[in-house]
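Input: a single structure, listed below in structure tokens.
Keep in mind the model is a prediction, meaning the values are calculated, not measured. Just so it is clear: chains get the letters A, B, ... in the order the sequence lines come, proteins before strands, and each one is counted from 1.
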2 protein chains.
Amino acid sequence: MHRETLQRYMNYLLLLTKLKNEGRATVTSDELAVREGVTGSRVRQDLSALRILGKPRQGYRIADLEILISSMLDILSAKPVALVGIGNLGRALVLSDIWSHAGFDLVALFDNDPALIGASVAGLPVRDAATMERFIQEQGIESACLALPADKAQAVVDRLVDAGVRALWNFALIDLDVPAGIIVENQRLEQGLMALSFRIAKRNQDDARSSQD
Amino acid sequence: MHRETLQRYMNYLLLLTKLKNEGRATVTSDELAVREGVTGSRVRQDLSALRILGKPRQGYRIADLEILISSMLDILSAKPVALVGIGNLGRALVLSDIWSHAGFDLVALFDNDPALIGASVAGLPVRDAATMERFIQEQGIESACLALPADKAQAVVDRLVDAGVRALWNFALIDLDVPAGIIVENQRLEQGLMALSFRIAKRNQDDARSSQD
DNA sequence: CCGCTCTCGGTACCCGGTTATCGATTCTAC
DNA sequence: GTAGAATCGATAACCGGGTACCGAGAGCGG
């Protein structure tokens with residue numbers, strides 16, 4: 001499945017939640033389509049791929065869609081995940097509610113700053129990074145989030161992988177080197193900002209062109 | 001230009017910086033291609049679109065590529081940008097060095113928490129959000145970053161747009177409602193985490209299947 | 001009860017992004 | 001200087017995601 005398609009499914013899910021909160025029980029393909037900037041055909045194909053059936057003149061049952069898309073994304077489970085690096089970004093992530101929404105259960109925080117170890121963030125204790133491998137092995141944690149500087153990331157990843165972690169959500173601006181089979185999802189914040197810069201430049205060009213005509 | 005293409009250009013740029021740091025002066029299309037997971041053909045077409053010329057048996061001059069890609073993304077400029085919301089996420093963004101790398105100059109921080117107003121983060125004072133419109137108008141700021149809760153985002157956006165902001169980098173989990181012509185780049189952190197969840201589920205399925213054979 | 005409309009499900013088509021191919025060019029080696 | 005290898009630039013072929021279209025089924029109105 002391609003990135004665009006996956007993103008469409010996630011957006012469907014967000015829209016469905018919104019519609020459900022508005023009291024809706026069903027939704028038509030065209031409704032989802034216009035909000036996503038695609039055609040009803042595309043939406044119907046997407047849903048058909050999940051073996052979701054709708055009814056003519058009625059649409060799709062929102063509850064069905066939510067369950068099937070959620071299960072495809074496997075966000076109904078609660079995979080334990082550890083967060084390494086309790087800086088500002090780390091704290092922001094701990095305090096957010098994205099973990100459960102995406103099928104994860106944040107169970108451990110690690111840092112190597114003595115000033116932080118022992119403190120508590122959102123009810124979770126900050127543990128000494130020196131105890132990281134042991135905790136991860138004992139708890140069978142297979143996912144980890146890296147919220148630390150680029151120069152420290154690779155060393156931590158090596159330790160995590162040795163301890164059994166097989167999936168990484170990486171905020172460090174670095175291409176991590178991992179063995180085959182280990183998943184790395186890079187969250188490149190700066191790419192969003194670069195994309196914004198490009199879009200601004202493009203709009204300014206277009207504006208200049210159209211005013212010239 | 002499509003999102004994938006834009007992302008490729010950004011990745012080229014990151015790779016080029018890395019290669020330059022390694023002392024390289026030129027790079028071949030195939031080298032860039034393998035690191036991007038595409039073919040040399042695609043890379044040559046991308047670069048050709050920017051009117052970049054290479055030399056047979058030698059490749060492309062890294063310095064040329066950097067300048068031309070950077071100027072296409074308009075990240076050589078220093079567009080002033082304001083950051084609203086000095087929570088953990090906001091502080092993390094202030095302390096990062098992504099702004100200059102993406103063609104922005106972070107010039108103002110705003111929050112409405114009296115405990116924060118007047119404090120200084122990375123040398124920048126936190127200003128009272130009540131003074132936001134005036135400052136933005138006076139300084140001619142046209143870009144802003146939203147690092148605040150979803151329920152407060154829309155109201156702030158309305159004020160920012162009224163004050164002259166025309167481009168937004170939004171971290172709040174909400175679909176902002178803006179007039180036509182205003183650019184909104186949403187940085188949906190949870191989508192990255194959902195994508196990770198999906199990739200884990202897919203790998204586990206694949207593993208189960210292959211061990212079954 | 002009978003048409004009418006709306007929306008789904010499936011199929012065919014289209015378009016653009018990606019790859020493959022080939023001639024042209026430049027550097028290396030002898 | 002010439003042969004050969006490597007790499008570019010351009011074009012053609014391919015492929016898959018997206019759209020358009022059409023027949024089928026479900027509700028609505030008279």
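Evaluation of the salt bridge (Lys or Arg N to Asp or Glu O under 4.0 Å) rule for Arg57(B) yields no partner, not counting sequence neighbours. Partners of Asp158(B) by salt bridge (Lys or Arg N to Asp or Glu O under 4.0 Å), not counting sequence neighbours: none found. For Ser70(B), there are no side-chain hydrogen bond (donor to acceptor under 3.5 Å, both in side chains) partners, not counting sequence neighbours.
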Between Phe110(A) and Leu83(A), is the side-chain contact (heavy atoms from CB on, under 4.5 Å) condition met? List the steps. CA-CA 6 Å; Phe110(A) 295 102; Leu83(A) 172 58; over 6 Å; no
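Counting any heavy atom pair closer than 4.0 Å across all strands shown, Ser41(A) reaches a base atom.
If you check the side chains of Arg44(A) and Ser29(A), you find a donor sitting under 3.5 Å from an acceptor.
Distance CZ (Arg3(A)) to C1' (dG16(D)): 19 Å, rounded to an integer number of Å. Rounded to whole angstrom, the span from the CG atom of Leu32(B) across to the C1' atom of dC8(D) amounts to 13 Å.
First and last contacts of DNA chain C with chain B, using any nucleotide atom under 4.0 Å from a protein heavy atom and ordered 5' to 3', fall at dG17(C) to dT28(C).
Heavy-atom neighbours of Arg8(A) CZ from other residues, nucleotides or ligands within 6.0 Å: above the threshold of 12. For Arg199(A), the CZ atom counts as densely surrounded, since its 6.0 Å shell holds more than 12 non-hydrogen atoms of other residues, nucleotides or ligands.
Using a 4.0 Å cut-off between a side-chain N of Lys or Arg and a carboxylate O of Asp or Glu, Arg24(B) and Glu31(B) qualify as a salt bridge.
Not one N or O on the side chain of Thr5(A) forms a donor-acceptor pair closer than 3.5 Å with the backbone of Met1(A).
Residues Glu66(B) and Leu13(B) meet the side-chain proximity criterion, which asks for heavy atoms closer than 4.5 Å.
Side chain of His2(A), nearest nucleotide from dG17(D), dG18(D), dT19(D): dG17(D).
Near-neighbour residues of DNA chain D inside residues 42-68 of chain A, defined by a heavy atom below 4.0 Å, number-ordered: Arg42(A), Arg44(A), Gln45(A), Pro56(A), Arg57(A), Gln58(A). Only at 4.0 angstrom or more do the heavy atoms of residues 9-26 of chain B sit from any atom of DNA chain D, so none qualifies.
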